[in-house]
Amino acid sequence: MTNKGTKLEFRELNKKFGEVTALTDINLTVEPGEILGVIGYSGAGKSTLIRMINGLEKPTSGQVLLDGTDIAGMSERQLRGLRRHIGMIFQHFNLFNSRNAIRNVEYPLELAGVPKAKRRARAQELLEFVGLGDKAESYPEQLSGGQKQRVGIARALATEPTLLLADEATSALDPETTAGVLDLLRRINREMGVTIVLITHDMSVVRGIADRMAIMELGSIVETGSVHEVFANPATEVGRRFATTALRDVPIGRERESVQRAGGRLITITVNDGVDIAALSQAAAAHGTTAIIAHGAVSNVQSKSYGRLTLRLSPLEGQENTADIDAAVAAISELTQVEELES
Ligand SMILES: Nc1ncnc2c1ncn2[C@@H]1O[C@H](COP(=O)(O)OP(=O)(O)OP(=O)(O)O)[C@@H](O)[C@H]1O
Ligand SMILES: [Mg+2]
């Protein structure tokens with residue numbers, strides 16, 4: 001199974017619903033075979049953006065180009081042909097409860113007029129590909145959420161799409177199941193070269209799968225970049241908030257209370273590639289101070305480390321009178337970004 005990915009471009013795209021502005025001046029290119037994660041809070045315009053791609057919504061102005069062709073000018077008949085090359089998966093799976101798994105996967109092939117024996121064989125092959133070869137006869141109510149989404153994915157792949165659109169496809173699943181579905185989407189991307197646009201409000205989904213990401217706010221794209229760029233150096237307040245939620249880098253609630261109870265001066269530092277934890281510790285020691293990690297984690301995003309650590313600074317043993325913690329904080333600030341933990 002090898003397809004080639006669609007190239008997708010939005011140019012000066014605007015969308016209004018009557019008085020409501022849903023999208024403003026969207027300019028974005030998704031390269032063939034790329035996985036783009038689009039993230040934003042509720043009402044940001046994510047679903048509207050994805051619905052523009054398969055022509056379910058028409059632009060108020062601007063263009064949506066698929067492999068260079070503007071879909072705005074297409075007739076309903078042309079759009080139906082186009083949608084055959086676009087797979088779509090949904091938050092609530094949208095399976096037919098009256099059809100078993102294999103007949104759900106066959107559905108788009110029925111619409112395309114593929115003869116019965118051929119579509120059966122293809123659907124079985126797809127169910128095997130998504131790891132459900134033995135569930136062909138099961139009805140949706142007999143399947144778990146993760147299994148239902150795999151059936152949804154098999155169905156989306158039936159017509160050999162070159163573009164796959166996912167709107168909150170893992171939002172109804174627990175983290176383990178989400179990880180399995182994301183692995184499957186990555187495999188589809190690698191093995192078939194399908195371009196994927198994935199919409200979510202969950203930064204860990206973007207982190208787990210996307211090559212590039214776009215952040216939406218109030219109908220605009222406010223930030224784009226590689227996932228690592230945006231994580232390590234968010235340019236906007238909303239970007240910073242998403243980066244923070246993904247890593248749970250600053251202790252919150254009960255965690256914060258217990259970190260604070262143990263005393264010392266608490267600072268949160270950013271760890272990027274090039275930040276040497278041993279050097280930070282030496283800088284603190286030069287001012288009679290120990291720096292120990294009280295909270296946090298460093299992850300590897302796109303082969304680069306990124307994380308934030310909360311450090312507890314206190315006098316080195318025997319240097320209680322001479323330790324200069326302010327000077328230690330200043331020395332660490334020379335090496336990386338530092339924030340004091342508010343109480
Ligand atoms: N058919 C419509 N008619 C009128 N307004 C609409 C329509 N569809 C969307 N909107 C408006 O456009 C804006 C963007 O909605 P959209 O559904 O794209 O947001 P979203 O980012 O997908 O949010 P969520 O995370 O809640 O799914 C909202 O203000 C919404 O009310
Ligand atoms: Mg939505």
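Just so you know, residue 1 is the first one in the sequence shown, and it goes up from there. All ligand and atom numbering here is 1-based and tracks the order in the structure.
- A distance of 5.0 Å separates CD1 in Ile269 from CG in Leu280, rounded to the nearest 0.5 Å.
- Residue Ala22 approaches ligand 1 through these ligand atoms, each under 4.0 Å from one of its heavy atoms: 12 (O).
- The distance from the Mg ion (ligand 2) to the nearest N/O/S atom of Ser47 is under 2.8 Å.
- Geometrically, ligand 1 and Leu49 share no nitrogen or oxygen pair separated by less than 3.5 Å.
- Of all the atoms in ligand 1, the ones that sit under 4.0 Å from a non-hydrogen atom of Gly45 are 14 (C), 16 (P), 18 (O), 19 (O), 20 (P), 21 (O).
- Look at Gly40 and you'll find every heavy atom at least 4.0 Å from all atoms of ligand 1.
- In this structure, Arg150 fails the cation-pi test against Phe129, since its NZ or CZ atom is not both closer than 6.0 Å to the six-membered ring centre and inside 45 degrees of the ring normal.
- Salt bridge status for Lys148 with Glu141: absent, with no side-chain N to carboxylate O gap under 4.0 Å.
- Salt bridge annotation for Asp326-Arg265: present, with a cationic side-chain nitrogen under 4.0 angstrom from a carboxylate oxygen.
- Below 4.0 Å from some heavy atom of Ser47 lie the following atoms of ligand 1, by number and element: 17 (O), 18 (O), 20 (P), 22 (O), 27 (O).
- Under 4.0 Å is where a charged nitrogen must lie from a carboxylate oxygen, and between Glu106 and Arg99 no such pair does.
- Evaluated by nearest non-hydrogen atom to atom 26 (O) of ligand 1, the leading choice among Gly219, Ser42, Gly18 is Ser42.
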